[in-house]
A.B. asks: 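Handing you this structure, nothing more for now.
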Amino acid sequence: MFELFARAALILGAPVVLTLAGFYFDRQPAEGPLAAWSAHGVFYGGAVALAAASASVVYAGIGGMAALRSRAALIALFALGRRLVPLTMAISAAGVGVSAVSAIGWLVTQLHFNGVALWKLGLIAFAIASGAFVGVRALFSTLRAFRAEPMDHMGRAVSPQQAPELWAVVRHLAEEVGAPAPDAIVVGLLGGPFVTACDMRLAPEGRILSGRILYLPMPTLLILDITQLSAVLSHELAHFSGADVEYSLKLAPSYTAMSRGIQTVAGHDAGLVASLAVTGPAISQLVLLTMLFDLAVRRWSREREFRADRIGGEVIGFDFAASALARYAAFDSVVGKAVEAALENPEKAPKDLVADIARAVRAAGAQDPRPHLEQTTPHPTDTHPPIAARITALGQKIDDAFLAGAGMAAPQDHAELLDALFVDPKGLARTLTDDLIGEARAYRDETVAHLERVASAEVVTRAFFETPGFEGRLQNWIGWSVAAAGAAFLACGLAEVQFPLLAKDASWLMRAGGALGALGAFWLWRTRLPRGRLETPFFEIGPNACRFPDAGLILGWDEIAEIRIGLDDGFVAAFRLGPDTPAPDGPLGDRLSYDAGARELTLVATEVVGGARHELANAIIAAHSAARARDLLREERAAA
């Protein structure tokens with residue numbers, strides 16, 4: 001909720017400030033007509049931007065609440081919002097731009113009439129134009145991220161000639177469900193079954209499919225019998241029937257494109273983020289719209305799944321629909337381990353991963369799905385309820401009788417089913433295996449090349465010294481000043497120095513001097529800051545290890561699991577020890593502390609000599625990364 005209010009404040013902040021500034025400028029004495037026009041530009045530009053931004057915020061808020069109550073409202077209002085909000089973005093960005101330029105113009109006129117040279121004003125105008133250009137370019141480059149892009153997925157499209165029986169089953173079930181048949185069926189090895197109306201780009205061939213698409217992973221055919229498979233297909237096809245048609249065809253693709261666009265914007269590098277400072281409020285309008293409608297999308301997505309389960313149960317049988325969910329929960333981890341093993345070691349992967357998975361499923365024997373029933377089935381665009389909730393909604397009680405009837409042993413006749421559905425199932429399986437293993441090899445080669453570059457980086461042995469910095473010097477000065485004042489007061493008291501305007505008794509000087517001296521000493525002890533560069537370093541870096549001289553501790557880089565560094569207040573580095581690294585014993589000194597629960601050593605320094613905090617941080621990260629890269633390369637070569 002806080003993030004929603006923060007987004008709204010960001011959207012409205014600049015227009016409100018500029019509108020108030022224009023109101024203020026308009027009431028100041030105008031030095032010529034240009035100043036008056038500039039003041040009007042600030043006010044009216046800010047007012048237009050405020051009206052557009054307010055309309056966007058109000059629409060997102062009211063639309064988001066209405067979408068929670070009605071799926072029809074979600075579809076209609078989100079579609080309208082996707083066209084409306086870019087318009088309000090453009091208007092508010094233009095209004096802010098006009099207002100900001102007018103504000104600078106008003107200030108320039110004041111400076112000109114106060115004798116500032118024209119060439120200086122020209123530099124200001126050039127800076128304004130450059131900033132406006134960067135802001136406009138950032139806005140358009142960011143808006144391109146919200147365009148609908150194809151969804152990337154690995155698989156192969158199978159035609160009715162390649163899978164006549166599969167297409168026949170799908171078309172028959174589509175007719176039973178009351179839905180149109182899909183325009184394409186894609187078969188792969190990863191994920192779970194789903195349908196989508198988003199464009200899909202198939203990897204590795206790069207082919208783009210459009211229309212209604214059914215995705216079916218071949219491993220699913222190894223764990224379900226034909227009746228359970230029919231229940232799964234009926235569930236997926238139900239998303240293209242009844243009220244789900246409009247949701248699947250209109251809302252899902254545009255919402256997915258918006259969500260991917262927001263993730264793209266969030267992942268921009270620092271340079272682009274800096275340029276978006278000008279257009280951040282405008283971009284936040286799209287983000288706010290998606291955030292508010294996301295609550296409704298999640299709710300209706302769950303409702304859609306329950307509806308599709310119910311339709312699949314009505315067509316095939318509720319017990320078969322529920323048993324398909326239980327069977328999937330029971331064997332999904334078995335399938336996942338077989339695929340993961342092939343991806344981790346592609347050189348030793350089988351030629352036919354489908355046959356390998358089938359052997360793993362048969363070898364696993366009967367499985368208990370209960371530990372996995374709180375999981376959700378994977379889907380690239382929708383949110384699914386937990387499997388247990390879906391089984392319960394189908395009217396099935398998850399007990400021993402249900403599990404026995406569900407048949408937790410995988411079917412043994414997978415080859416017979418594959419032969420019935422596809423003309424050349426073995427050829428298709430080998431093609432899918434080659435695709436997946438080829439991608440795994442390419443990814444591994446890129447990873448190894450990157451690790452080799454990191455591992456080859458030269459790590460220079462270097463020592464780093466501490467200095468108190470300005471803040472430390474100030475604290476030292478305060479402590480020593482207070483202590484010196486206390487000593488002076490104490491000396492005056494001991495000498496019985498008398499001050500005419502004060503009491504003749506000098507005992508108060510003794511008490512004040514003692515108090516100030518104690519306070520100064522406590523201040524210096526509490527801060528414990530060095531007065532200048534220390535003679536010994538507080539941290540040393542080497543190619544294979546780092547050293548903490550205060551504690552006489554040496555840690556190999558391979559003994560450190562993770563490093564976190566903070567530079568906001570001095571230098572702070574937290575070293576999380578590896579599981580086999582012994583905990584430090586003995587005194588650690590003032591700069592080093594150890595958290596036994598987190599197994600974390602924390603090094604704190606006020607300031608690095610020469611202001612080299614960032615240099616030290618980069619050196620630590622580079623040395624640790626090089627050591628980790630060497631370890632990973634050894635593991636990779638051993639596995640190969």
Side-chain angles (χ1 to χ4, degrees), residues 267 269-271 343-345 443-467 469 533-534 536-640:
D269 58 23
L343 294 178
E344 287 181 351
N345 196 348
Y443 177 77
R444 185 207 54 191
D445 292 344
E446 291 176 6
T447 302
V448 168
H450 172 72
L451 291 175
E452 289 174 343
R453 287 194 299 270
V454 174
S456 63
E458 182 181 4
V459 178
V460 179
T461 301
R462 188 173 174 188
F464 290 86
F465 296 83
E466 184 184 22
T467 183
R533 166 178 160 164
L534 294 183
T536 57
F538 72 93
F539 188 72
E540 295 177 352
I541 286 179
N544 300 311
C546 59
R547 179 172 177 265
F548 305 85
D550 285 353
L553 178 64
I554 298 177
L555 276 180
W557 293 116
D558 55 355
E559 296 180 297
I560 301 172
E562 181 184 3
I563 300 176
R564 295 180 293 107
I565 298 177
L567 303 176
D568 292 335
D569 186 14
F571 177 85
V572 180
F575 302 83
R576 184 166 64 82
L577 304 183
D580 299 326
T581 306
D585 55 357
L588 298 177
D590 293 333
R591 298 185 188 85
L592 199 61
S593 61
Y594 179 65
D595 182 346
R599 289 184 52 78
E600 199 168 74
L601 274 170
T602 301
L603 175 68
V604 178
T606 56
E607 182 59 271
V608 183
V609 169
R613 285 185 294 171
H614 291 83
E615 188 177 345
L616 172 56
N618 292 334
I620 291 174
I621 293 172
H624 184 250
S625 298
R628 287 291 299 144
R630 288 193 293 270
D631 289 341
L632 291 173
L633 283 172
R634 280 194 294 269
E635 294 174 5
E636 176 69 25
R637 287 161 185 160

A.B. asks: Rounded to the nearest 0.5 Å, what separation is found between the CZ atom of Arg564 and the CD1 atom of Ile620?
C.D. replies: 13.0 Å

A.B. asks: Please name the pair of heavy atoms, one in Ala617 and one in Phe571, separated by the smallest distance, quoted to 0.1 Å.
C.D. replies: N-CE1, 4.1 Å

A.B. asks: Is there a side-chain contact between Leu592 and Phe575 (heavy atoms, below 4.5 Å)?
C.D. replies: no

A.B. asks: If I take atom CG from residue Leu603 and atom CG from residue Leu616, how far apart are they, to the nearest 0.5 angstrom?
C.D. replies: 8.0 Å

A.B. asks: Which atom pairs, donor and acceptor, lie under 3.5 Å between side-chain atoms of residues 453-461 and protein residues at least two apart or in another chain?
C.D. replies:
| residue | atom | partner | partner atom | Å |
| --- | --- | --- | --- | --- |
| Ser456 | OG | Glu452 | O | 3.0 |
| Ser456 | OG | Arg453 | O | 2.9 |

A.B. asks: Roughly how far, to the nearest 0.5 Å, is CG of Leu451 from CZ of Arg634?
C.D. replies: 12.0 Å

A.B. asks: Over all heavy atoms of both residues, which pair between Glu559 and Ile554 is shortest? Give the atoms and the distance, please.
C.D. replies: OE1-O, 4.3 Å

A.B. asks: A side-chain contact here means heavy atoms from C-beta on lying under 4.5 Å apart; do Asp595 and Thr602 qualify?
C.D. replies: no

A.B. asks: Looking at OG1 of Thr581 and CG of Leu555, how far apart are the two atoms once the value is rounded to the nearest 0.5 Å?
C.D. replies: 7.0 Å

A.B. asks: Within the 4.5 Å heavy-atom criterion, are Trp557 and Ile563 side-chain neighbours or not?
C.D. replies: yes

A.B. asks: If we only count heavy atoms from C-beta on, is the Leu577 to Pro584 side-chain gap below 4.5 Å?
C.D. replies: yes

A.B. asks: Are the side chain of Arg576 and the backbone N or O of Arg599 linked by a donor-acceptor pair below 3.5 Å?
C.D. replies: no

A.B. asks: Taking C-beta and beyond as the side chain, do Thr447 and Leu632 meet within less than 4.5 Å on heavy atoms?
C.D. replies: no

A.B. asks: Identify all side-chain donor-acceptor contacts of residues 539-552 below 3.5 Å with residues at least two apart in sequence or on another chain.
C.D. replies:
| residue | atom | partner | partner atom | Å |
| --- | --- | --- | --- | --- |
| Glu540 | OE1 | Arg547 | NH1 | 3.3 |
| Glu540 | OE2 | Arg547 | NH1 | 3.3 |
| Asp550 | OD1 | Arg591 | NH1 | 3.2 |
| Asp550 | OD2 | Arg591 | NH1 | 2.2 |

A.B. asks: Hey, what do you get for CG (Asp558) to NE2 (His624), rounding to the nearest 0.5 Å?
C.D. replies: 8.5 Å

